[in-house]
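These notes are about the structure you will find just below.
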Amino acid sequence: MTLDLSENLESKTRAEPRHVQLGLHDDQVLEMYWHMLLARRIDERMWILHRQHEVAFHVSGIGQEGCQVGAAYAVKRGHDFILPYYRDLCLTLTLGLTPRAMMLALYGKAGDPMSGGRQMPAHYSARQLNIVSVSSPVATQIPQASGIGFAIQYEKTDQVVVTCFGEGSTAEGDFHEGLNWAGIFGLPVIFLCQNNQYAISVPIEREMPVKNVADRAYAYGMPGVIFDGNDFLESYGAMKLAVARARQGKGPSLLEAKTYRPVPHSSDDDDRTYRSRQEVEFWKKRDPILLARNYCYSNNILDEDKNQEFEERAREIVDDANEFARAAPYPPAQEALNGVWGPLPEIERAG
Amino acid sequence: MTLDLSENLESKTRAEPRHVQLGLHDDQVLEMYWHMLLARRIDERMWILHRQHEVAFHVSGIGQEGCQVGAAYAVKRGHDFILPYYRDLCLTLTLGLTPRAMMLALYGKAGDPMSGGRQMPAHYSARQLNIVSVSSPVATQIPQASGIGFAIQYEKTDQVVVTCFGEGSTAEGDFHEGLNWAGIFGLPVIFLCQNNQYAISVPIEREMPVKNVADRAYAYGMPGVIFDGNDFLESYGAMKLAVARARQGKGPSLLEAKTYRPVPHSSDDDDRTYRSRQEVEFWKKRDPILLARNYCYSNNILDEDKNQEFEERAREIVDDANEFARAAPYPPAQEALNGVWGPLPEIERAG
Amino acid sequence: MSEINNIDALTLTLAQEMRRDPRIFLAGEDVGRRGGVFRATKGLVQEFGENRVVDSPLAELSLVAVGIGAALYGLRPIVEIQFADFIAPAFNQIVQEAARFRYRTNGDWICPLLIRTPYGGGIGGGLYHSQSIEATYAHIPGLYVVAPATPYDIVGMLRYALRVNDPVLFLEHKKTYRLIKGEVPDSDYMIPFCKADIKRKGSDITVIAYGLMLHETLQAAQQLIHEDIDIEVVDPRTLHPLDRDTILSSVKKTGKALIVHEDNLTLGLGAEISALIASEAFEYLDAPVMRLTGPDVPAMPYARTMQDYFMPNVEKITTAIRKLAAY
Amino acid sequence: MSEINNIDALTLTLAQEMRRDPRIFLAGEDVGRRGGVFRATKGLVQEFGENRVVDSPLAELSLVAVGIGAALYGLRPIVEIQFADFIAPAFNQIVQEAARFRYRTNGDWICPLLIRTPYGGGIGGGLYHSQSIEATYAHIPGLYVVAPATPYDIVGMLRYALRVNDPVLFLEHKKTYRLIKGEVPDSDYMIPFCKADIKRKGSDITVIAYGLMLHETLQAAQQLIHEDIDIEVVDPRTLHPLDRDTILSSVKKTGKALIVHEDNLTLGLGAEISALIASEAFEYLDAPVMRLTGPDVPAMPYARTMQDYFMPNVEKITTAIRKLAAY
Ligand SMILES: Cc1ncc(C[n+]2csc(CCOP(=O)(O)OP(=O)(O)O)c2C)c(N)n1
Ligand SMILES: Cc1ncc(C[n+]2csc(CCOP(=O)(O)OP(=O)(O)O)c2C)c(N)n1
Ligand SMILES: [Mg+2]
Ligand SMILES: [Mg+2]
């Protein structure tokens with residue numbers, strides 16, 4: 001039923017470190033760790049800013065950096081298309097969205113390149129990076145991803161599309177219809193479900209009658225792949241295979257990253273109403289950044305000094321981004337009226 | 001993946017005729033045949049009336065009577081709920097809709113008990129029979145069926161729900177969401193797909209990337225059952241098991257009747273634009289009524305005289321219904337304004 | 001008599017009604033243990049159990065469709081759409097199905113489904129957590145759209161809605177949830193649909209407003225006393241079908257009308273009210289009917305500056321009224 | 001110059017445009033071998049192949065979403081919704097997505113998606129094959145809604161639509177497909193959006209009508225010549241955003257206005273036009289703005305008697321005009 005591509009990784013010699021088996025150099029691994037760390041520090045600062053009443057809202061990607069950095073490294077930046085969702089801070093950061101941009105969006109300030117202060121924070125977008133604008137209604141991006149896949153097939157380029165969504169969102173009709181199109185037409189789309197086990201307060205048993213989202217791949221004639229989304233290398237490996245498959249014209253895949261959201265759904269949520277602290281603590285021990293750091297330590301890719309250096313660099317970047325955004329003005333009020341329509345084409349009168 | 005419940009039927013001794021194995025008496029089988037025949041003759045007359053410009057539109061159930069009569073005999077009439085679709089002439093006739101009612105609806109005449117002449121023909125409905133009103137947008141009835149299943153579970157009765165739809169309609173989000181609810185809550189719903197291999201002109205390969213609709217049952221945690229929808233007994237057997245399952249609180253099933261539509265999609269269609277005559281002829285040899293008649297002949301349930309008698313009775317009924325409907329007046333024009341809202345509750349002023 | 005806020009009015013009445021009628025159940029995303037993201041269903045799962053307070057999967061189309069099915073069966077479902085913005089996936093089921101069962105069966109099948117949803121802006125919700133959706137649904141015959149704005153009206157209209165035998169879209173302005181407080185009598189009173197309420201009597205100008213804008217308008221009226229402008233404030237409460245008589249008599253009396261809403265101008269509810277007045281009270285009008293609404297942009301921006309620019313408020317209302325008074 | 005009917009105008013222009021721009025493709029239910037259930041895409045799959053004339057699965061939500069995705073990528077998708085009634089499952093994708101990409105990204109992403117669909121009644125389609133959907137979508141900023149009613153306008157506006165960089169809902173009145181014929185020049189002319197057309201000059205009363213009702217109105221105007229009533233007929237053509245100037249100047253000239261549409265009265269397009277006139281041409285009005293529309297019932301019944309009762313037509317239009325003339 002579900003084809004666990006990560007098995008393929010095991011077939012190589014066990015002697016080599018996992019990242020070498022995956023074709024990754026040490027410095028790439030280090031870079032991946034760096035992006036995860038930076039994403040985490042930005043995200044944590046956003047929580048703090050919310051608690052300090054500096055900003056009105058935050059929705060977080062904490063805990064899901066593993067699969068996100070894996071996905072980011074598996075695609076060609078600016079070439080492939082990404083339709084992210086609101087937790088994809090680490091994914092979009094790794095793909096080139098800047099911390100300053102993210103902070104501007106957090107504050108809703110002028111110059112926010114994602115929406116010009118129109119959308120709530122975490123509605124990632126950057127056309128020059130082929131990152132398609134996130135909207136709040138969940139799952140709408142899924143069939144849109146199939147549309148981009150359709151266009152790629154139409155134009156016969158070697159691009160692929162990755163779209164992300166939570167497991168709760170797979171209950172929407174958009175999920176079914178989007179995967180159905182991709183399956184029928186064999187489109188180059190990777191559907192990456194970040195299964196963090198809750199849709200706000202609703203646990204997976206109430207979201208679907210199957211154990212795994214990937215169990216549904218069969219219904220769409222595509223492979224379903226389950227992997228540990230908190231393990232950045234396993235995530236990278238699974239994504240790499242799916243991307244290759246799509247790029248070779250072999251069609252779509254449904255990927256399921258098993259992960260967890262150790263923080264509340266958003267700054268408006270109180271997760272103590274629906275889950276135990278033990279459960280949360282259990283998962284904090286499986287924190288993707290912790291796992292990545294340990295991997296780097298034990299493979300001599302990182303040492304404590306270097307890590308300290310990273311932490312300091314991250315702090316500087318976050319400070320800079322925050323100060324930059326804080327100092328930025330709000331958009332002029334009348335900007336609200338702009339950009340509803342594009343200019344209409346001019347025509348020379350004829351006929 | 002798909003659990004073929006019809007296998008169970010084979011476990012009984014082969015010596016007995018199939019209907020006896022299924023627990024059906026001879027006269028029940030005869031009655032089933034009669035309903036199929038009558039449905040067919042009504043349907044054929046409707047095509048003729050359209051060709052004669054007596055009526056403006058017809059959409060047909062021809063070719064699908066096998067699974068429909070099977071379904072009708074598997075449920076408790078007036079007790080269980082049915083959410084049919086526009087091809088369910090035989091199903092709803094067998095459950096108690098009268099030929100006169102159907103002809104009134106065909107003409108759009110006053111007294112049409114399904115809609116008072118408001119809906120197009122074949123939009124079956126009868127509250128006293130628990131037959132829920134068909135609408136034209138496809139697939140909307142599927143999640144509604146789950147709602148009725150939910151109500152049954154809520155009220156703890158032993159009712160079940162059957163809803164019918166074409167295989168093309170399973171591409172709509174409604175299908176996914178409806179089955180998802182039924183699966184999560186274990187609702188007493190039978191989803192009966194009448195797979196006639198086309199959605200108007202679009203063949204199944206363009207509707208879904210899997211061979212069988214039932215292949216999708218696994219994604220909703222329910223059994224998927226494939227059977228020959230042109231074989232009325234096999235259809236009955238499959239339905240009977242699924243109904244029993246639902247009635248015992250064991251949850252929903254997705255049933256797939258493999259069948260064919262040997263006539264155009266509707267009186268507006270020209271099916272020669274999209275399929276060969278050979279294909280149609282092939283299927284006409286597998287006509288469910290032909291198969292049922294032969295079964296009855298070879299099991300001495302019916303002979304040619306009796307069949308002739310049935311044919312005559314059918315002709316009389318169809319003539320009567322047609323003349324009745326033809327003679328009926330159109331609804332008064334201003335009736336168009338009635339029945340938008342129910343009376344508002346009266347209240348005694350207080351507070 | 002006790003003073004409560006809008007959200008308490010909801011929660012208390014939901015509980016009371018569920019005690020009264022065992023056919024009533026509640027379904028929606030996070031309505032159970034979480035008690036709803038706005039806490040409107042707080043405590044209900046504890047009192048009524050998971051069977052009657054149902055956490056639904058994240059799927060509005062089927063949430064509404066399941067409500068429809070249950071209503072056809074004879075239950076009294078209440079479904080909560082978490083934000084009005086997210087009702088859009090259920091549009092087909094609401095418009096083509098819920099609102100048409102009675103008509104399409106000539107009264108044989110009925111669909112008493114109640115859909116509750118928080119709508120409206122001013123809370124930093126940006127494009128997708130601030131929308132006003134009333135006009136889209138007020139266009140649909142067979143569907144009641146109500147928007148009670150005070151605890152008193154919420155309690156009375158919610159009780160009534162649960163006795164109406166047609167589908168109802170029950171709109172709750174989310175900014176008023178905790179902002180607006182009011183007296184609610186202990187009796188089991190009800191407020192019928194299709195009855196507007198004159199929230200303030202006045203003689204110079206009729207202002208028609210509902211939801212949060214009703215409260216902004218009442219404040220504006222208070223301020224304008226000092227300028228000797230006496231405003232009559234009509235709260236339609238039921239937005240569809242409108243109480244034409246109350247609106248028209250007020251305008252016939254004052255001769256001037258202003259309609260205020262957050263939704264964008266074009267084909268917002270103000271279009272219908274304005275057309276109604278222009279057609280039925282033409283000879284009484286001393287000035288053109290005026291609309292003060294959100295601008296024609298796709299929805300309300302997030303940044304404070306732009307949000308404030310979008311929203312009508314006391315100041316903009318007083319300015320508009322002054323203009324109308326001077327006409 | 002040649003005389004063709006509305007459906008030929010569509011088919012010919014689709015083919016012509018697809019030859020011009022390889023980024024244009026067509027997708028929809030039965031648009032391929034079947035050539036569309038109304039035959040609007042007849043012959044296109046033969047000329048352009050299955051890649052560019054795509055039979056879609058039966059799923060409007062994703063049909064539109066796939067169009068959105070392709071438009072974001074830079075193609076020029078045309079999606080056909082088989083009947084306007086069946087656009088409802090795609091409501092969320094159209095309103096919340098297609099119409100908001102430009103605004104929500106401050107112009108970074110654009111969505112030039114063209115959605116074609118047959119709408120309107122009078123053809124025995126009953127509740128679900130006769131609907132007028134323009135008002136629901138004309139409420140949505142960021143979405144063009146056009147309804148050209150003659151071969152000339154269809155050709156010119158379809159060409160233009162395929163050069164506009166925003167989503168367009170292109171409405172085709174299905175009863176006019178074969179009924180309405182007209183001259184179409186051989187040149188590559190275009191008709192811009194947001195320009196109404198005065199289809200008949202007159203001095204006594206302005207009638208605003210589009211689609212099938214335009215033609216009924218033109219006939220009514222012809223009849224009324226004999227009663228010395230001289231009608232000006234304004235065809236908005238673009239229903240959203242409206243060409244306010246043309247409408248207002250006509251009404252300012254005539255002093256009386258009637259709006260005719262099939263869609264139901266409440267919050268139909270007539271509400272906005274009426275509100276616009278009542279607000280901007282108030283001082284020029286010699287009579288209340290009048291609306292002649294379908295009644296407020298969930299949709300058009302099937303039975304001929306009731307369908308005819310529902311539909312405005314020449315007779316009802318002349319009656320309304322006489323009433324307005326006598327005011
Ligand atoms: C259509 C729609 N309905 C409801 C919501 C409100 N909402 C926002 S996130 C969310 C839960 C999403 O769960 P999941 O898809 O698992 O993603 P996660 O947040 O867990 O990453 C809900 C119900 C929404 N944004 N869109
Ligand atoms: C939502 C919606 N879209 C399109 C249509 C037009 N339409 C009517 S029947 C049909 C094909 C249905 O195919 P299928 O579900 O396989 O049922 P069948 O007619 O083959 O029995 C289509 C496209 C519709 N009725 N509803
Ligand atoms: Mg989740
Ligand atoms: Mg079919």
Side-chain angles (χ1 to χ4, degrees), chain A residues 55-57 104-105 107-110 112 115-121 123 134-140 166-176 198-209 265-266 268-271 273-275 329-341, chain C residues 27-39 41-43 45-46 50 54-63 65 81-83 85-90 92-93 123-131 264 266 294-311:
Chain A
V55 300
F57 180 79
L104 284 170
Y107 282 88
K109 291 286 183 79
D112 150 31
S115 81
R118 282 146 185 212
Q119 294 233 65
M120 294 180 81
H123 285 56
V134 173
S135 71
S136 310
V138 299
T140 51
E167 84 297 339
S169 308
T170 65
E172 298 275 1
D174 300 64
F175 169 81
H176 174 68
Y198 287 89
I200 308 188
S201 72
V202 181
I204 26 179
E205 311 86 67
R206 264 301 163 88
E207 300 169 5
M208 65 190 89
H265 171 75
S266 76
D268 289 340
D269 186 33
D270 176 2
D271 64 325
T273 54
Y274 55 82
R275 59 183 183 182
Y330 285 103
Q334 302 91 319
E335 280 273 304
L337 300 182
N338 297 344
V340 179
W341 315 90
Chain C
E29 294 153 14
D30 306 291
V31 298
R33 271 181 301 175
R34 183 81 190 88
V37 296
F38 289 101
R39 322 289 290 141
T41 56
K42 193 176 152 187
V45 72
Q46 287 78 4
E50 288 203 350
V54 183
D55 271 332
S56 93
L58 177 34
E60 292 77 11
L61 183 168
S62 45
L63 174 56
I81 301 288
Q82 198 161 78
F83 284 82
D85 314 64
F86 305 138
I87 204 171
N92 192 37
Q93 287 284 348
I123 46 81
L127 305 180
Y128 294 105
H129 294 79
S130 310
Q131 292 174 36
N264 60 291
T266 298
D296 276 331
V297 306
M300 197 180 295
Y302 179 70
R304 261 182 242 172
T305 43
M306 294 194 284
Q307 175 181 291
D308 292 349
Y309 185 81
F310 184 106
M311 290 286 281

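All heavy atoms count here, side chains included; hydrogens, waters and symmetry mates do not. Nothing here was measured: the structure is a model prediction, and the numbers come from that model.
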Task: Gap between atom CZ of A:Arg118 and atom CD of C:Gln307 - 0.5 Å precision - done: 14.0 Å

Open item on the list: Give me the atom names and distance for the closest heavy-atom approach of A:Gly108 to C:Tyr302.
Closed with: CA-CD2, 4.0 Å

Task: Counterpart residues, side chain to side chain contact (heavy atoms under 4.5 Å, CB included), relative to A:Val134 (two or more places apart) - done: A:Pro84, A:His123, A:Tyr124

Open item on the list: Restricting to non-hydrogen atoms, name the atom on A:Ala171 and the atom on C:Pro57 that form the minimum distance, rounded to 0.1 Å.
Closed with: CB-CB, 4.1 Å

- [ ] Identify the heavy atoms of C:Val297 and A:Leu337 that sit nearest to each other, and give their distance.
- [x] CG1-CA, 3.9 Å

- [ ] List the atom of A:Ser201, the atom of C:Arg33, and the distance in Å for their closest heavy-atom pair.
- [x] O-NH2, 4.0 Å

TODO: Grab the two heavy atoms, one from A:Gln119 and one from C:Leu127, that are nearest each other, plus how far apart they are.
DONE: CG-CD1, 3.9 Å

Open item on the list: Distance check, rounded to the nearest 0.5 Å: C:Tyr309 atom OH versus A:Gln334 atom CD?
Closed with: 5.0 Å

Open item on the list: Testing the basics here: between A:Ile200 and C:Gln82, what is the closest heavy-atom pair and its distance to 0.1 Å?
Closed with: CD1-OE1, 3.6 Å

Task: Close side-chain approach of C:Asp30 and A:Val202, heavy atoms under 4.5 Å - done: yes

Task: Side chain to side chain, A:Pro137 and C:Asp85, heavy atoms closer than 4.5 Å - done: no

- [ ] Determine whether A:Ser136 and C:Phe86 make a side-chain contact, defined as any pair of heavy atoms from C-beta on separated by less than 4.5 Å.
- [x] yes

TODO: Apply salt bridge (charged side-chain N to carboxylate O under 4.0 Å, His left out) to A:Asp271 and list each qualifying residue two or more places apart in sequence or on a separate chain.
DONE: A:Arg275, A:Arg277

Open item on the list: What's the separation between atom CG in C:Asp308 and atom OH in A:Tyr330, rounded to the nearest 0.5 Å?
Closed with: 10.5 Å

Open item on the list: In the structure I gave you, are the side-chain heavy atoms of A:Lys109 and C:Arg304 within less than 4.5 Å of one another anywhere?
Closed with: no

Open item on the list: Once rounded to the nearest 0.5 Å, what's the spacing between atom CG of C:Leu58 and atom CZ of A:Phe175?
Closed with: 12.5 Å

Task: Validation row: A:His265, C:Val37 side chains within 4.5 angstrom (heavy atoms) - done: no

